[in-house]
Amino acid sequence: MQSIKDKLNLDQLPKHVAIIMDGNGRWAKSRGEERTFGHKNAIKAVREVVNACNEIHIPYLTLYTFSSENWKRPNDEVSTLMSLISETLLLEAEEIFSKGLRMHVIGDVEKLPELVRHQMLHLVDITKNNTRGNLILALSYGSQNEILNAVKQISAKVKSGELQEEDINEKVFEDHLYTKDFPPVDLLIRTSGEVRISNFLLWQIAYSELQFLDILWPDFGREDLFKCLYDYQNKERRFGKTSEQLDENI
């Protein structure tokens with residue numbers, strides 16, 4: 001059967017894809033299992049997406065792995081998630097490195113258990129010279145906190161005289177976000193049928209194409225990603241301009 005990949009224009013792919021990986025708990029519940037069973041089976045979908053993006057050279061992939069709000073979940077689920085993240089980092093580290101991917105982490109990493117934080121930062125360090133692509137994990141991440149922290153940093157610089165108020169612009173603000181080294185998100189995908197952003201990359205998705213899928217995350221595969229990319233390529237991205245203005249620039 002022909003892959004949707006064959007229909008893609010590989011010269012017009014998004015530079016930055018971000019995914020809200022939702023639906024693990026419902027996937028498990030539909031099978032009569034505990035929520036943690038869904039989290040464990042979500043790793044296959046992560047691997048499929050990472051490999052697919054690497055295959056077609058999408059340079060930036062951000063995965064919403066654990067939000068700042070997720071700390072409010074039951075202690076046993078949080079503990080299982082942290083253990084799973086730790087195990088996954090160990091199992092996938094060699095493959096991530098061998099594929100030439102550079103690992104990044106965004107979020108309040110100081111809140112992570114010491115073992116998870118150590119493994120994560122170690123993987124960030126050993127892959128820092130890789131240039132094939134960038135895998136960004138949003139861990140203990142909340143966009144509102146990210147924006148507030150940026151405001152506080154800029155305010156402190158204005159107070160100290162390091163920065164003048166009139167010099168504050170979008171570029172200055174973006175330079176104080178976790179994502180300062182990454183391009184804006186071109187395509188945001190959320191699985192599970194929920195239609196909300198859930199405090200994820202609120203500044204960075206200002207002009208993203210948004211796709212909300214009914215598929216539960218553990219069932220998400222490479223063909224689903226390629227379908228999202230194909231739909232993305234059939235959208236007109238105007239960035240506030242009219243279609244006629246875009247035609248004039250061709």
message: With salt bridge (Lys or Arg N to Asp or Glu O under 4.0 Å) as the criterion, how do Glu194 and Arg26 come out once you've worked through the C-alpha distance, each side chain's angles and the decisive distance to 0.1 Å?
response: CA-CA 12 Å; Glu194 301 292 352; Arg26 274 166 283 170; 3.3 Å; yes
- prompt: Counting only N and O atoms by type, is there a donor-acceptor contact under 3.5 Å from the side chain of Asn41 to the main-chain atoms of Gly38?
  reply: no
task: Keeping the roles fixed (side chain from Ser30, backbone from Ala28), state whether a donor-acceptor pair exists under 3.5 Å.
output: no
query: Does Glu34 CD have over 12 foreign heavy atoms under 6.0 Å away?
result: no
- request: Carefully, step by step, assess Asp175 and Lys180 under the rule salt bridge (Lys or Arg N to Asp or Glu O under 4.0 Å).
  value: CA-CA 5 Å; Asp175 284 344; Lys180 61 183 179 180; over 6 Å; no
- request: Would you check if the side chain of Asp186 reaches a backbone N or O of Lys15 as a donor-acceptor pair within less than 3.5 Å?
  value: yes
field: Main-chain N/O of Pro14 paired to Tyr60 side chain as donor or acceptor, under 3.5 Å
entry: no
Arg31/Glu33 under salt bridge (Lys or Arg N to Asp or Glu O under 4.0 Å): CA gap, chis, key distance, verdict: CA-CA 5 Å; Arg31 288 160 174 76; Glu33 301 284 352; over 6 Å; no
Thr191 and its side-chain contact (heavy atoms from CB on, under 4.5 Å) partner, picked from Trp27, Phe212, Phe220: Phe220
query: Does CZ belonging to Phe173 count more than 12 external heavy atoms closer than 6.0 Å?
result: yes
message: Can you classify the ring geometry of Tyr141 versus Phe200 as parallel (below 30°), tilted (30 to 60°) or perpendicular (above 60°)?
response: perpendicular
- request: Taking atom CG of Asn75 as the centre, report whether more than 12 heavy atoms of other residues, nucleotides or ligands fall under 6.0 Å from it.
  value: no
query: Is it true that Lys99 and Glu95 have a side-chain N and a carboxylate O under 4.0 angstrom from each other?
result: yes
